[in-house]
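See below for the structure under consideration.
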Amino acid sequence: MTLPLPARTRVAVIGAGQAGLSVAHHLQRRGLEAGEGFLVLDRGPDAGGAWQHRWEALRLGTAHRVNDLPGMAELGLSFDTADRSRAARDVVTEYYRRYEDSYGLQVRRPVTVTAVRDEEPLLRLDTDHGSLTAEVVVNAGGTWGSPFKPHVRGEEAFLGRQWTTVDYRSAEDFRGRRVVVVGGGTSATNILLELEGVAEATTWVTRRTPEFVEGDGLAAEAGAATVAVQDRAAREGRALPSIVSGTGLVATPAVKAAVERGVLVAHPMFTSIEPEGVRFADGSFEPADDIVWATGFRAELGHLAPLHLREHGGGIAVEKGRVLRDPRIFLAGYGPQASTIGANRAGRIVANQVLAQLG
């Protein structure tokens, strides 16, 4: 049962994933109290952010590295030593729940923020559990609820099933079926590996030729050049580029073996979808019963629309988490702060700026 929302809080944090919890922790360490000082609103039914919704077969070590939250070590917890035989979603949910309880963050869930409106000098948050006002809003809602699916000619005529990463639950849903997986990231390769030996056939399709890189996944994703590109796009208010386009795919032993077996052989993007499959630019046809769109996500920002924050470039201009059009709004885990490349560091940076804004 969701507790009643207070009429007012100083800082409203939307989202209790990695970025939101990191911000909340740093606000608490700097003297704000949960409730009147800051309030974390999360639409998920349980702790764990987007991880609670991922498919059961996903394990820690096969996906992007999950960074420890600030202060997690003090609780004797670390994802580096977590049980990798358990579903990643169960481990992350358990650790995040213990983290929230241990630090008394008082996350309110499930609460969905439907709109943020300007009531100068305050901001009003409308939710499915009533409204409240805040001096500052930190949006840390992430991207899971906003999967990106590119438009392809003929897609409405397809007689099979179309899925996004959010829809994917188990390889068993595809047993004996012909599956086209679209996307050049880790989710696509993980799904292809799970479908091997279950689906009748799989075809991997990418817009760019995949580049496999050696080394640790975190190191590959945290490349300075990639962060710089994301940061520049965020500051200029442009649509954010794909992370994987600048980092490549980590060549784990499992990935290398799959390449050698011929499971991970990428084909160029098809040009149209027909009722029973996909058509490529060279005229060749690949029959398909299912198309899985593992084509990434976009930041969930629709509830901020009443504030008119978007720039002509299609994005929101942000510098170190602060929205340039409205200094009362912060985006945590956005652009260069995306969860796989530094949401924890962003928590401290955003918290410091929030306190400066509060005066």
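Not measured: the values here are computed from a predicted model.
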Check for me, please, whether [X] and [Y] land in the same ILVMFWY cluster - side-chain distances under 4.5 Å, paths through other members count.
X	Y	value
Leu122	Val323	no
Val137	Leu5	yes
Val265	Ile191	no
Leu192	Val198	no
Val40	Leu355	yes

By the definition side chain to side chain donor-acceptor pair (under 3.5 Å), identify the one residue from Arg30, Gln357, His26 that meets it with Asn352. Arg30
Step-by-step side-chain contact (heavy atoms from CB on, under 4.5 Å) determination, Glu56 to Arg89: CA-CA 7 Å; Glu56 194 280 334; Arg89 67 184 185 190; 3.4 Å; yes
Which residue pairs pass the ring pair (Phe, Tyr, Trp, His ring centres under 6.0 Å) test when at least one of the two sits in residues 106-129, sequence neighbours left out? none
Pair Arg328 + Glu120: basic N to acidic O under 4.0 Å: yes
Check the pair Thr114 / Asp126 against side chain to side chain donor-acceptor pair (under 3.5 Å), numbers first and verdict last. CA-CA 6 Å; Thr114 56; Asp126 296 333; 5.2 Å; no
Any residue meeting side chain to side chain contact (heavy atoms under 4.5 Å, CB included) with Pro6, in chain and number order, not counting sequence neighbours: Leu39, Arg108
Tell me every residue that passes salt bridge (Lys or Arg N to Asp or Glu O under 4.0 Å) with [X], counting only those two or more places apart in sequence or in another chain.
X	result
Arg310	none
Arg325	Glu311
Asp290	Arg161, Arg177
Arg175	Glu172

[atom1] of [X] to [atom2] of [Y]: how many Å apart, nearest 0.5 Å?
X	Y	atom1	atom2	answer
Glu33	Leu27	CD	CG	12.5 Å
Ser284	Arg279	OG	CZ	7.5 Å
Ser102	His25	OG	NE2	11.5 Å
Leu69	Tyr103	CG	OH	9.5 Å
Thr143	Arg298	OG1	CZ	10.0 Å
Asp118	Leu123	CG	CG	6.0 Å

Verify the distance criterion only: is there a donor paired with an acceptor across the side chains of Asp173 and Ser170 at less than 3.5 Å? no
Output the rest of the hydrophobic cluster of [X]: all Ile, Leu, Val, Met, Phe, Trp and Tyr residues reachable through side-chain heavy-atom contacts under 4.5 Å, sorted by chain and number.
X	value
Leu159	none
Val182	Val152, Phe158, Val180, Val205, Met269, Phe270, Ile273, Val278, Phe280, Ile291, Trp293
Phe148	none

Are [X] and [Y] close enough that some pair of their side-chain heavy atoms sits under 4.5 Å apart?
X	Y	answer
Asp46	Tyr96	no
Val166	His53	no
Leu264	Trp204	yes

Tell me the closest heavy-atom pair linking [X] and [Y], and the distance in Å.
X	Y	value
Gly130	Thr127	O-OG1, 2.7 Å
Leu32	Gly37	CD1-O, 3.8 Å
Pro150	Thr295	CD-OG1, 3.6 Å
Glu100	Ala16	OE2-CB, 4.1 Å
Thr206	Gly184	CG2-CA, 3.9 Å
Ala12	Leu125	CB-CD2, 3.7 Å

Phe297 meets the ring-ring contact (aromatic ring centres under 6.0 Å, His included) criterion, sequence neighbours left out, with Trp144
Please identify each residue that fulfils ring-ring contact (aromatic ring centres under 6.0 Å, His included) with Tyr168, with sequence neighbours left out.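 Per chain and number, Tyr168 pairs via ring-ring contact (aromatic ring centres under 6.0 Å, His included) with Trp55, Phe174.
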Worked verdict on Asn67 versus Gln18 for side-chain contact (heavy atoms from CB on, under 4.5 Å): CA-CA 8 Å; Asn67 295 313; Gln18 187 178 32; 3.2 Å; yes
Under the side-chain hydrogen bond (donor to acceptor under 3.5 Å, both in side chains) rule, what pairs show up with a residue in residues 257-268, not counting sequence neighbours? Glu196-Arg261
Scan Leu309, Asn139, Asp326, Ile14 and name whichever one has a side chain to side chain contact (heavy atoms under 4.5 Å, CB included) with Val116. Ile14
Using side chain to side chain donor-acceptor pair (under 3.5 Å), reason through Asp167 and Thr164 one step at a time and then give a plain yes or no. CA-CA 5 Å; Asp167 304 319; Thr164 67; 3.2 Å; yes
